[in-house]
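Throughout, protein chains are lettered first and strands after them, A, B, ... in sequence-line order, and every chain is numbered starting at 1.
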2 protein chains.
Amino acid sequence: MPYDPSAYPPFAVTVDLVVLTVRRHALCALAVRRGEPPYQGRWALPGGFVKADEDLGSAAARELNEETGLRAHESGGSTTEAHLEQLATYGDPQRDPRMRVVSVAHLVLAPDLPSPTPGGDAHSVRWAPVDTFIAPQGGGGRDAGQPAPLAFDHGRILADGVERARSKIEYSSLATAFCPPEFTVGELRRVYEAVWGVALDPRNFHRKVTGTPGFLVPTGGSTTRQGGRPAQLFRAGGATLLNPPMLRPEV
Amino acid sequence: MPYDPSAYPPFAVTVDLVVLTVRRHALCALAVRRGEPPYQGRWALPGGFVKADEDLGSAAARELNEETGLRAHESGGSTTEAHLEQLATYGDPQRDPRMRVVSVAHLVLAPDLPSPTPGGDAHSVRWAPVDTFIAPQGGGGRDAGQPAPLAFDHGRILADGVERARSKIEYSSLATAFCPPEFTVGELRRVYEAVWGVALDPRNFHRKVTGTPGFLVPTGGSTTRQGGRPAQLFRAGGATLLNPPMLRPEV
DNA sequence: TGAATAGTGTCTTTTAGACAATATGAA
DNA sequence: TTCATATTGTCTAAAAGACACTATTCA
């Protein structure tokens with residue numbers, strides 16, 4: 001097809017962010033409250049328009065920084081930085097009633113942040129357990145109640161992001177992105193338990209995780225911040241792919 | 001942000017297709033020759049603009065059908081239909097010198113087609129081994145020669161699609177999407193060998209693949225089209241996730 | 001008969017998973 | 001001391017990988 005600007009329909013392109021962390025043994029997502037229609041007053045994922053001369057990943061990192069103060073790398077975070085990767089793109093013609101918007105969703109995995117409500121406005125930004133917005137694991141039990149639907153198609157985007165995180169910590173070292181720079185084997189185990197929603201055997205987990213080459217590097221220090229016997233401190237090793245992988249029970 | 005159409009920059013949105021098949025023991029991709037600048041005369045991935053009222057997956061399926069006559073489902077193909085899934089979105093501001101174009105790439109896995117050059121124009125559409133365009137596996141040997149670069153950023157898109165296919169046939173039953181409706185264990189093994197570029201032990205492969213629940217269903221028939229002793233014919237079972245997974249040697 | 005492919009069986013090594021037992025610090 | 005968590009060790013079952021051997025067709 002020849003180059004003719006009138007020959008293609010115009011779109012708005014946005015980035016939406018699924019920002020996940022583990023707080024008090026629960027997988028939580030960052031949500032913002034909408035101040036105007038449509039979906040006024042409803043919770044939504046943070047996001048915004050991609051600028052005219054901005055790359056998609058840069059736009060996602062900018063929005064993340066504006067919303068949380070976090071910095072993120074697109075390929076594997078390190079010190080106090082979060083992991084950022086593209087998730088998927090959502091472009092149903094009806095997904096935004098105002099106009100045709102294609103949203104490139106990104107997934108961010110971040111350690112638990114010191115401030116309960118990061119950013120400026122405590123009314124309109126919060127961490128919430130993902131079960132607040134999406135049905136838990138395999139249909140869910142009676143006690144969870146109905147999820148509060150997010151604005152637009154953000155419920156589906158969040159569900160896709162959570163599923164990506166759940167499957168990706170199986171075969172990559174990404175679970176360490178939820179941990180502070182130095183962490184114990186037990187803290188890492190609690191990350192897996194929170195993300196997968198299962199209990200893991202601490203003894204087999206310890207043997208497996210310390211035996212996987214490149215996953216963990218001991219720092220020499222130890223801590224008793226979890227109580228009990230002092231635990232060795234580790235930081236993330238250089239490996240990105242785990243071999244053998246961690247296996248989610250009962251698949 | 002308030003609704004103000006002038007407040008967001010306009011983008012063109014396209015779909016590009018990584019269409020893969022296995023032909024003569026080689027993983028091949030569909031390529032089209034560009035008839036006009038930029039990159040005139042260079043090979044590129046098939047694709048085109050998303051229409052004003054069209055979903056992304058529908059646009060990909062439409063382009064695929066226009067190019068090859070194939071029909072595709074977005075979630076698991078069956079009879080003579082191909083597998084289609086979203087791959088990733090590419091939006092570097094400089095990726096198209098004419099204007100700002102965001103491309104939502106899709107991955108298609110199709111069985112070997114009867115016509116060598118599907119579609120109408122044999123000059124401008126062809127199947128080519130993926131090594132024609134991208135460096136093979138781990139850096140590649142001496143004998144492969146330099147790959148012929150595709151137009152735009154299509155080399156990277158193709159590489160991402162090939163890697164997705166290589167990893168996805170490990171833990172899903174997607175390898176059957178490369179096979180005709182009825183196929184033998186040996187034919188399925190040759191698919192794995194072509195996609196991964198390795199040789200697999202036929203005996204262990206047979207035991208493993210027939211022992212994985214839901215992967216293969218015997219049709220009762222048999223064939224000698226590969227020579228040798230007649231082989232049982234199978235069709236794809238209902239399982240989409242393989243447990244245990246097929247493991248790529250030497251990772 | 002020989003070449004080619006299909007299919008079964010057997011053995012060894014590795015890994016997963018269950019769980020006993022010990023180690024170490026805090027309340 | 002008791003409790004909580006960390007860490008090591010042992011056992012069993014499952015799976016991966018190597019490879020001998022048999023089966024069936026066609027040229």
Which part of the nucleic acid, if any, lies within reach of R189(B) when heavy atoms closer than 4.0 Å are counted: base, sugar-phosphate only, or nothing? sugar-phosphate
Nearest-0.5 Å distance, CG of residue L150(A) to CZ of residue R156(A): 13.5 Å
Is any side-chain heavy atom of L158(A) less than 4.5 Å from a side-chain heavy atom of H154(A)? no
Quick check on DNA chain D: between T224(B) and L247(B), whose nearest nucleotide comes earlier from the 5' end? L247(B)
Let's go through V191(B) and V195(B) carefully: what are the C-alpha distance in whole Å and the side-chain angles of both, what is the deciding distance for side-chain contact (heavy atoms from CB on, under 4.5 Å) to 0.1 Å, and is it a yes or a no? CA-CA 6 Å; V191(B) 163; V195(B) 176; 4.3 Å; yes
For D112(A), which of R24(A), R190(A), R23(A) qualifies under salt bridge (charged side-chain N to carboxylate O under 4.0 Å, His left out)? R23(A)
Rounded to the nearest 0.5 Å, what's the gap from CG on L56(B) to OG1 on T89(B)? Could you check? 7.5 Å
Let me know, please, whether R203(A) or G228(A) comes out on the 5' side of the other along DNA chain C by nearest nucleotide. R203(A)
Where the side chain of K208(A) is defined as all heavy atoms beyond and including C-beta, which of dG25(C), dT24(C), dA16(C) is the nearest nucleotide? dA16(C)
Protein-nucleotide distance (L200(A), atom CG; dA18(C), atom P), rounded to Å: 10 Å
Between atom CD in Q226(B) and atom C1' in dA3(C), what is the gap in whole Å? 16 Å
Taking the nucleotide of DNA chain C with the nearest heavy atom to each, does G227(A) or D201(A) sit closer to the 5' end? D201(A)
F205(B) CZ to dT5(C) P, straight-line distance once rounded to whole Å: 16 Å
Can you give the first and last nucleotides of DNA chain D, 5' to 3', that have an atom under 4.0 Å from a heavy atom of chain B? dA16(D) to dT25(D)
When rounded to whole Å, the CG to P distance for the pair L242(A) and dT15(C) reads 14 Å
Pairwise distance CZ(F133(B)) to CG(L45(B)) - rounded to 0.5 angstrom: 8.5 Å
Rounded to whole angstrom units, what separation is found between the CG atom of N243(A) and the P atom of dT14(C)? 14 Å
For H206(A) and dA18(C), what is the distance between atoms NE2 and P respectively, to the nearest whole Å? 18 Å
Salt-bridged, E182(A) to R225(A), with N to O below 4.0 Å? no
Need one value for R190(B): base, sugar-phosphate or nothing, where a base atom within 4.0 Å counts as base even if backbone is also close, heavy atoms only. sugar-phosphate
